[in-house]
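Whatever order the structure lists ligands and atoms in, that order sets their numbers, starting from 1. Note: hydrogens, waters and symmetry copies are ignored here, and every other heavy atom, side chains too, is used.
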Amino acid sequence: MKKGKKLYEGKAKIIYATNDKNLVIQYFKDDATAFNNQKKTTIEGKGVLNNRISEHILSNLSQIGIKNHLVKRLNMREQIIKLVEIIPIEFIVRNVATGSITKRLGIEDGTVLKEPLIEYCLKNDKLGDPLISEDHILAFDWASKNEIDKVKKMILRINDFMIGMFRGVGIKLIDFKLEFGRIKIDEKNEVILADEISPDTCRLWDSITEKKLDKDRFRKDLGDLIPAYTEVARRLGILHEQSNVSAVNVTKLSSIKRKKK
Ligand code: TMP
Ligand code: ASP
């Protein structure tokens, strides 16, 4: 597979063309942003951890029949993914109220929701990803009714699966963000799960201590983001004990090797 030109650069990832028109390479950067880019920094090793964690979750979701864009992980920072037309909506799934919903609606932080709550935000950085309703989506043709219905069914299965997966390793899945894309499979139009699922896009709390193991460590200046993401990876069984020196050291090692060549 040959890596071609840069097609798109987002806040945390870069997409490159390949010699196959249906496939692209997704590169995970170390950049961290919050509050729609108002706060930014670079956290060495974050991209490596998100690449591994996202690969783990998406390949597990494939196994339960949730079609997604992942083809395979290429190396520490890159994955081959299927090229999709991204639906311009961020689907937010909440099991416990925290973050923006507590401020927007005055809900007490930590309120456990009776049912998973799905919110839609328009994917538009200039407008600050505003909250929208299903009627807005239909009115402006951002997705069809059929697509929304399919996506909602997938979201509930993904949520059930991920709650169980994280519960098994002592982590509460508080909320997360998903994106979906359109693709033709065997001449049929399909909607599949796209983008990453990682501690950048989920809120993950330790089940007992409620310690935050996600990007809130950066948003709220709590520090120790890499140890928290490493802990998530270790509990999911992605980092083996002996190689658990930390992803940062692994990154350093790989860049030293590259320089030597
Ligand atoms: P929020 O409480 O800030 O609305 O975030 C809800 C969840 O969605 C949380 O897990 C973080 C995730 N999220 C993203 O991944 N990207 C975003 O741009 C936003 C606003 C939230
Ligand atoms: N990803 C968004 C941003 O860059 C928001 C967030 O994750 O808090 O700014």
Side-chain angles (χ1 to χ4, degrees), residues 8-15 26 28-43 46-47 49-51 53-54 57-58 61 68-69 86-113 115-133 142 151-152 154-156 158-159 161-163 165-166 171-181 193-206 210-223 225 228-229 232:
Y8 168 82
E9 179 156 3
K11 292 188 289 252
K13 290 176 304 276
I14 306 174
I15 302 292
Q26 172 169 252
F28 286 76
K29 302 197 281 186
D30 282 340
D31 297 352
T33 65
F35 314 115
N36 204 20
N37 231 355
Q38 289 174 45
K39 182 171 173 174
K40 359 180 179 184
T41 193
T42 303
I43 304 173
K46 179 175 80 72
L49 285 159
N50 282 347
N51 184 18
I53 295 170
S54 194
I57 298 176
L58 264 57
L61 286 170
N68 63 67
H69 73 171
I86 286 283
I87 294 177
I89 297 162
E90 299 197 344
F91 298 85
I92 309 284
V93 190
R94 299 184 189 272
N95 296 306
V96 174
T98 193
S100 69
I101 195 171
T102 59
K103 297 185 190 91
R104 197 184 337 117
L105 303 178
I107 309 292
E108 195 184 338
D109 195 88
T111 305
V112 178
L113 302 173
E115 298 286 335
L117 173 68
I118 303 178
E119 291 178 336
Y120 310 103
C121 294
L122 180 64
K123 203 172 142 60
N124 184 323
D125 281 346
K126 274 194 211 132
L127 301 177
D129 298 343
L131 186 73
I132 52 173
S133 71
W142 289 319
V151 163
K152 275 203 225 158
M154 285 166 88
I155 285 179
L156 295 178
I158 294 167
N159 188 40
F161 173 82
M162 282 179 40
I163 288 177
M165 178 187 73
F166 281 118
I171 292 174
K172 281 198 255 188
L173 176 63
I174 303 300
D175 61 26
F176 56 104
K177 188 241 350 178
L178 296 175
E179 293 185 27
F180 292 83
L193 176 65
D195 200 43
E196 69 180 288
I197 303 183
S198 72
D200 265 15
T201 62
C202 301
R203 283 200 176 92
L204 305 168
W205 295 357
D206 179 89
E210 301 211 326
K211 180 180 170 183
K212 294 179 190 350
L213 300 171
D214 56 65
K215 203 166 92 173
D216 270 355
R217 302 213 68 83
F218 165 66
R219 294 190 191 97
K220 294 174 174 275
D221 295 320
L222 300 172
L225 179 138
Y229 284 33
V232 172

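The atoms of ligand 2 that sit less than 4.0 Å from any heavy atom of Asn36 are 3 (C), 9 (O). If you number the atoms of ligand 1 from 1 as listed, the ones under 4.0 Å from a heavy atom of Ile92 come out as 6 (C), 8 (O). Atoms of ligand 2 lying under 4.0 Å from at least one heavy atom of Phe35, given by number and element, are 5 (C), 8 (O), 9 (O). Proximity to Gly99 (heavy-atom distance under 4.0 Å) selects the following atoms of ligand 1: 2 (O).
The proximity of Arg219 to ligand 2, defined as any non-hydrogen pair under 4.0 Å, is limited to the side chain. By the criterion of a heavy-atom distance under 4.0 Å, the side chain of Lys215, and not its backbone, is placed next to ligand 2. For Asn37, every heavy-atom contact with ligand 2 shorter than 4.0 Å involves the backbone, none the side chain.
Counting heavy atoms only, Arg203 comes closest to atom 5 (O) of ligand 1 of the residues Arg219, Lys177, Arg203. Looking at Glu196, Glu90, Lys11 and measuring to atom 17 (C) of ligand 1, the nearest heavy atom belongs to Glu90.
A salt bridge (charged side-chain N to carboxylate O under 4.0 Å, His left out) with Lys11 is found for exactly one of Asp30, Asp31, Asp125, namely Asp125. Residue Arg203 forms a salt bridge (charged side-chain N to carboxylate O under 4.0 Å, His left out) with just one option from Asp214, Asp109, Asp216, and that option is Asp216.
For the residue pair Asn159 / Asn95, a side-chain donor-acceptor distance below 3.5 Å is found, with atom types taken as modelled. Between Arg94 and Thr111, the side chains place no donor N or O within less than 3.5 Å of an acceptor N or O (distance only, hydrogens not considered).
In terms of protein heavy atoms, atom 1 (P) of ligand 1 is closest to Ser100 OG, 3.4 Å.
By the 6.0 Å and 45° rule, Lys212 stacks over the aromatic ring of Trp205.
Residue contact check for ligand 1: Arg94 places a non-hydrogen atom closer than 4.0 Å to it.
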